Amino acid sequence: MPEEAKPSDVVANHGKWEWSELYRKEDWWAIWLGFLVLLVGLLLFLPRPPAGMHETLAVTDAALAAEAARAPFQTLEWHEANDTRGGLRARNEPFAKTLAKWLGTPGGWTANPLESLYLSEAAAARRRAAAEPAYREAQEATGRALAEAREAQERAAAAEFANPELNDRAETAIRQWRQARETERGSVRTRATVKAYNKIPYLAGLLVLSMLFFAVGTRFIGIHTARFMGGFWFVFLLAVAAWVVGAQSTLKDWGFGGLIWAILGGMLISNTVGVPGFVREALQTEYYIKTGLVLLGAEILFSKILAIGQPGIFVTWLVTPVVLVLTFLFGQRVLKIESKTLNITVSADMSVCGVSAAIATAAACRAKKEELTIAVGMSMLFTAVMMIALPSFIVYVGMHPVLGGAWIGGTVDSTGAVVAAGAFLGETGMFVAATIKMIQNVMIGVIAFGVAVYWCSRVDCLPGQKVSKMEIWYRFPKFVLGFIAASIVFSAILAAMGGAGDVMIDQGVLRGFSVPIRDWFFILAFSSIGLSTNFREMAHQFKGGKPAILYVCGQSLNLALTLTVAYIMFFWVFPGVTESLMK
């Protein structure tokens, strides 16, 4: 991340476009590498569909349509057909499971961290034995709930689904069965079916492959290739250690996953023994995370955005820019934060979608490295707290799952944390939360462009000067173009493939290949952030606790405004969307 520039330096005309930028700039290499990963994923998965995929899709689609016409709620038969359809996943094919071994992170553990990397057959047997009673109990609970749901549905069917009271009872019983089933198939089953593993060889292979992957572009963008490769292993091992710590069962349940430990671990090293000199060339935070953000773009599928429709768009595209602008003005006029780049980076991090928005905004306004670190660090801390506190409060007050999901999706920063928090509210709440966050992620490109224009024309522009379009293009973070292009391309592919798109793209190329790779790129970036952070250099930025006050006040506004707009849109303006989501 470049140092904050002076106005006279920034407003200079950067001249004509040079084609050499396509291979000499970090942002462009992030795009090329990101699309290389996506292309490889398409080549691996598309020729290998699950057996009988099209026939199964045709049968289940017909069953879903028939059940939707038969009853005013989602019947047991509807769920059975939907589960059969959802079970079609390209990432469950044998070749995909082999890929998963190479791309997988360290496993979970409770008391012995070494079991995260190597689990013997004896240890696996002990885990299965310890989890078996809870798993059996969960299975029995699911069986009882299914029997009650079937009985309730039969009563409603006997009345030809014309009795609203019987219909409500059947729908409630089916929902309770789904919740029991979700519990049974969650962590309880994972522990009861765990198998022995040795992740060390796969991690060693991934170290070499990822090092060579990023090393390809280093010589073109001014990074010493040999020094980069000589220090990369240190960053990778810190990332592995962070995954191991974050996989501890209690820490994981509380939301303190690997990413936050990557930052904290790096900070501990940087501010105690110090970072070894041979590692510094490998601390390429932007290179790693920008490539990961291009992959994130492919996960933003327009078909999922349309599932929520207009209320979701209003909740995100109305609230997000309002909170961003008001938080920035609050920081400048009330808190009087000296650094505008710190102010806008923290504001974007908090109001849009956390780290991804912070990276794009920091690049657009040319914020300092320590300013980006402050924004990211606060984001991770508050995300860990909110992903537990917010759904707990929603459940405690009995909030409607659609409203609660929209509230979580619009305010919790990390996409992964949003899904985890939404799961507390059941299937509907989790779906709404994840989709709202996905819609909000679209704002990354818009916000980055807006910040680039504003900074060039108002902040870094001397009185009487005009900013050329070329300067705005120079300032705009180019990797955002890759983010947007990936979203458009994969949305188009998904739409063209129809029902098979969910199986082969969403549940294949993305979740089976690019998503786990993106997770590794992100944790490499977070490890680099931690190792690059020096508290002594950052101390002046925390003078008076202003960044923390800015974040807390901005998030408070975000919570209040998101809840208000979500209620208005989902229950007053578009109540039909809410009703359809609950079916």
Side-chain angles (χ1 to χ4, degrees), residues 30 32-50 89-109 113-121 124 190 193-217 228-229 232-247 252 257-259 262 282 287-289 291-296 298-299 416 486 490 503-527:
W32 308 142
L33 292 177
F35 269 87
L36 175 62
V37 170
L38 295 172
L39 177 61
V40 170
L42 289 170
L43 293 175
L44 286 172
F45 279 85
L46 291 188
R48 300 175 175 87
R89 298 178 177 181
R91 61 189 174 111
N92 287 343
E93 295 298 291
F95 81 94
K97 291 182 177 180
T98 300
L99 282 175
K101 291 181 178 180
W102 285 95
L103 301 177
T105 59
W109 58 281
L114 294 179
E115 290 185 354
S116 185
L117 302 174
Y118 176 80
L119 186 67
S120 67
E121 183 56 52
T190 300
T193 58
V194 67
K195 297 180 180 179
Y197 54 75
N198 182 4
K199 294 182 177 288
I200 296 175
Y202 298 106
L203 290 171
L206 185 61
L207 163 61
V208 175
L209 290 174
S210 56
M211 177 181 66
L212 294 175
F213 176 81
F214 283 110
V216 171
F228 171 84
M229 296 175 70
F232 183 85
W233 65 269
F234 189 93
V235 181
F236 187 88
L237 289 183
L238 175 59
V240 171
W243 282 131
V244 170
V245 176
K252 187 176 182 180
L259 296 179
Y287 191 25
Y288 304 138
I289 204 164
T291 309
L293 287 173
V294 173
L295 298 181
L296 176 64
E299 300 167 37
F490 271 74
V503 180
M504 302 304 300
I505 300 299
D506 190 21
Q507 293 292 336
V509 179
L510 298 180
R511 298 179 188 272
F513 191 67
S514 71
V515 170
I517 291 176
R518 172 178 63 78
D519 288 341
W520 276 107
F521 292 174
F522 272 27
I523 201 165
L524 289 173
F526 281 37
S527 299

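Given the structure is predicted, the values throughout are model-derived calculations rather than measurements.
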What's the separation between atom CD in Glu93 and atom OG1 in Thr98, rounded to the nearest 0.5 Å? 11.0 Å

Near-ring test Phe214/Tyr287, centroid separation under 6.0 angstrom: yes

Describe, in one word, how the ring planes of Phe228 and Phe232 are oriented to each other, choosing from parallel (under 30°), tilted (30 to 60°) and perpendicular (over 60°). tilted

Do you know the tightest heavy-atom contact between Ala298 and Ala486? N-CB, 3.6 Å

Output, in order, the C-alpha distance, side-chain angles, deciding distance and verdict of side-chain contact (heavy atoms from CB on, under 4.5 Å) for Trp109 and Leu119. CA-CA 10 Å; Trp109 58 281; Leu119 186 67; over 6 Å; no

Can you check side-chain contact (heavy atoms from CB on, under 4.5 Å) on Ile289 and Phe521, steps first, answer last? CA-CA 6 Å; Ile289 204 164; Phe521 292 174; over 6 Å; no

Do Arg518 and Val294 touch side chain to side chain, with heavy atoms closer than 4.5 Å? no

Steps toward side-chain contact (heavy atoms from CB on, under 4.5 Å) verdict (Leu44, Leu99): CA-CA 10 Å; Leu44 286 172; Leu99 282 175; 3.9 Å; yes

For the residue pair Ser514 and Leu38, what are the closest heavy atoms and their distance? CB-CD2, 3.9 Å

Phe45-Phe95 aromatic ring centre distance below 6.0 Å: yes

For the backbone of Gly108 and the side chain of Ser116, can you confirm whether one donor and one acceptor N or O come within less than 3.5 Å of each other? no

Restricting to non-hydrogen atoms, name the atom on Met504 and the atom on Ala90 that form the minimum distance, rounded to 0.1 Å. SD-CB, 3.9 Å

side-chain contact (heavy atoms from CB on, under 4.5 Å), that's the test. Do Thr291 and Tyr288 meet it? Break it down for me. CA-CA 6 Å; Thr291 309; Tyr288 304 138; over 6 Å; no

Any side-chain to backbone donor/acceptor pair from Trp102 onto Gly205? Under 3.5 Å, distance only. no

Tyr197 (side chain) donor-acceptor with Glu115 (main chain) under 3.5 angstrom: yes

With sequence neighbours excluded, residues passing side chain to side chain contact (heavy atoms under 4.5 Å, CB included) with Leu39: Leu43

